[in-house]
Amino acid sequence: QVQLVESGGGLVQAGGSLRLSCAASRSIFSLNVMGWYRQAPGKQRELVASITSGGSTSYGDSVKGRFTISRDNAESTVYLQMSSLKPEDTAVYYCASRRGGSSWWGQGTQVTVSS
């Protein structure tokens, strides 16, 4: 069963913008913390941004001021607006959902930023 589906990845030049979307099953969205993680080649997976069911947000230090996470509760969708992109933002981006001791992950979408 597919419960998290990412879209919006692609190739963009440095300084450009891209918006990622994650469509989630209602049952794992409404009361859950949603987040975006990324994993670059040869690097460990890192938290990019998260948002609670009430709309409180947190960001990784490397993306503060450049990325914005948001959620549409009616559509059970979370977004990541990425601006001022840098080559070091190149990674596979994963959507995640968490409630208590349970977590769910999407399959990831590739973002490549060229210099």
Side-chain angles (χ1 to χ4, degrees):
Q1 182 182 14
V2 178
Q3 299 184 90
L4 295 169
V5 180
E6 300 104 331
S7 62
L11 175 65
V12 65
Q13 293 188 43
S17 299
L18 206 60
R19 189 174 81 153
L20 305 183
S21 299
C22 173
S25 299
R26 185 75 175 183
S27 61
I28 61 167
F29 182 90
S30 60
L31 298 177
N32 292 25
V33 176
M34 303 296 297
W36 289 96
Y37 292 75
R38 68 186 183 187
Q39 188 164 23
K43 303 294 183 181
Q44 294 192 68
R45 186 173 298 182
E46 65 174 339
L47 174 68
V48 176
S50 65
I51 184 166
T52 69
S53 59
S56 297
T57 59
S58 296
Y59 297 92
D61 288 340
S62 64
V63 307
K64 287 179 180 177
R66 300 189 299 120
F67 290 11
T68 302
I69 189 171
S70 61
R71 64 193 292 162
D72 183 336
N73 292 333
E75 296 294 329
S76 298
T77 301
V78 62
Y79 302 95
L80 184 68
Q81 177 65 51
M82 304 183 292
S83 300
S84 301
L85 283 162
K86 306 173 181 179
E88 51 263 46
D89 294 319
T90 295
V92 177
Y93 284 70
Y94 297 90
C95 180
S97 177
R98 181 180 298 278
R99 181 173 63 245
S102 300
S103 62
W104 297 262
W105 293 84
Q107 295 187 40
T109 185
Q110 176 71 47
V111 172
T112 302
V113 184
S114 64
S115 59

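- Of all heavy-atom pairs between Ser84 and Asp89, the closest is O-OD2, 4.4 Å.
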Take Asp61 and Lys64 through the test salt bridge (Lys or Arg N to Asp or Glu O under 4.0 Å) and record every step on the way to the result. CA-CA 5 Å; Asp61 288 340; Lys64 287 179 180 177; 3.0 Å; yes

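- Val111 and Tyr79 sit in two unconnected hydrophobic clusters of ILVMFWY residues. Membership requires side-chain heavy atoms under 4.5 Å apart, directly or through other members.
- Counting all heavy atoms, side chain and backbone alike, Arg66 lies closest to Ser62 at NH2-O, 2.9 Å.
- Cluster annotation: Leu80 is not connected to Val5 through the hydrophobic network of ILVMFWY side chains, with a link wherever side-chain heavy atoms come within less than 4.5 Å.
- Between the CD atom of Gln107 and the SG atom of Cys95 there is a distance of 12.0 Å, given to the nearest 0.5 Å.
- Side chain of Ser25 to main chain of Ser27: no donor-acceptor pair is present (N/O by atom type, distance under 3.5 Å, no hydrogens or angles).
- When all heavy atoms of Pro87 and Ser115 are compared, the closest pair comes out as CG-CB, 3.9 Å.
- Separation of atoms OG1 (Thr68) and CZ (Arg19) is listed at 11.5 Å; rounding is to 0.5 Å.
- When every heavy atom of Ala24 is checked against every heavy atom of Leu4, the shortest pair comes out as CB-CD2, 3.4 Å.
- Summarising the geometry, atom OG belonging to Ser76 is positioned 12.0 Å from atom CD belonging to Gln3; distances are rounded to the nearest 0.5 Å.
- Among all heavy-atom pairs drawn from Ile28 and Arg99, the shortest one is CA-NH1, 4.2 Å.
- Cation-pi check for Arg71 over Phe29 is met; the charged atom lies under 6.0 angstrom from the ring centroid and within 45 degrees of its normal.
- Here CD of Gln39 is found 8.5 Å from CD of Gln44. Values are rounded to the nearest 0.5 Å.
- Grouping the Ile, Leu, Val, Met, Phe, Trp and Tyr side chains by contacts below 4.5 angstrom, directly or via other members, places Val78 with Tyr59.
- Atom CG in Leu18 sits 8.0 Å away from atom CD in Gln81 (nearest 0.5 Å).
- Tyr94 and Trp105 have perpendicular rings, their planes meeting at more than 60° on a 0 to 90° scale where under 30° would count as parallel.
- Hydrophobic clustering (ILVMFWY, side-chain heavy atoms < 4.5 Å, transitive): Tyr37 and Tyr93 are in distinct clusters.
- Put simply, the side chain of Glu46 reaches to within 4.5 Å of the side chain of Arg38, judged on heavy atoms.
- At a threshold of 4.5 Å between non-hydrogen side-chain atoms, the residues Glu6 and Trp36 count as touching.
- Note: the hydrophobic cluster containing Ile51 also contains Leu20 (ILVMFWY, side chain heavy atoms under 4.5 Å, direct or indirect links).
- In this structure, OG in Ser17 is found 6.0 Å from CG in Leu85, a value given to the nearest 0.5 Å.
- Between Asn32 and Ser97, the shortest heavy-atom contact is ND2-OG, 2.8 Å.
- Residues Val92 and Gln110 meet the side-chain proximity criterion, which asks for heavy atoms closer than 4.5 Å.
- For Glu88, the CD atom sits in a packed shell: over 12 heavy atoms of surrounding residues, nucleotides or ligands are nearer than 6.0 Å.
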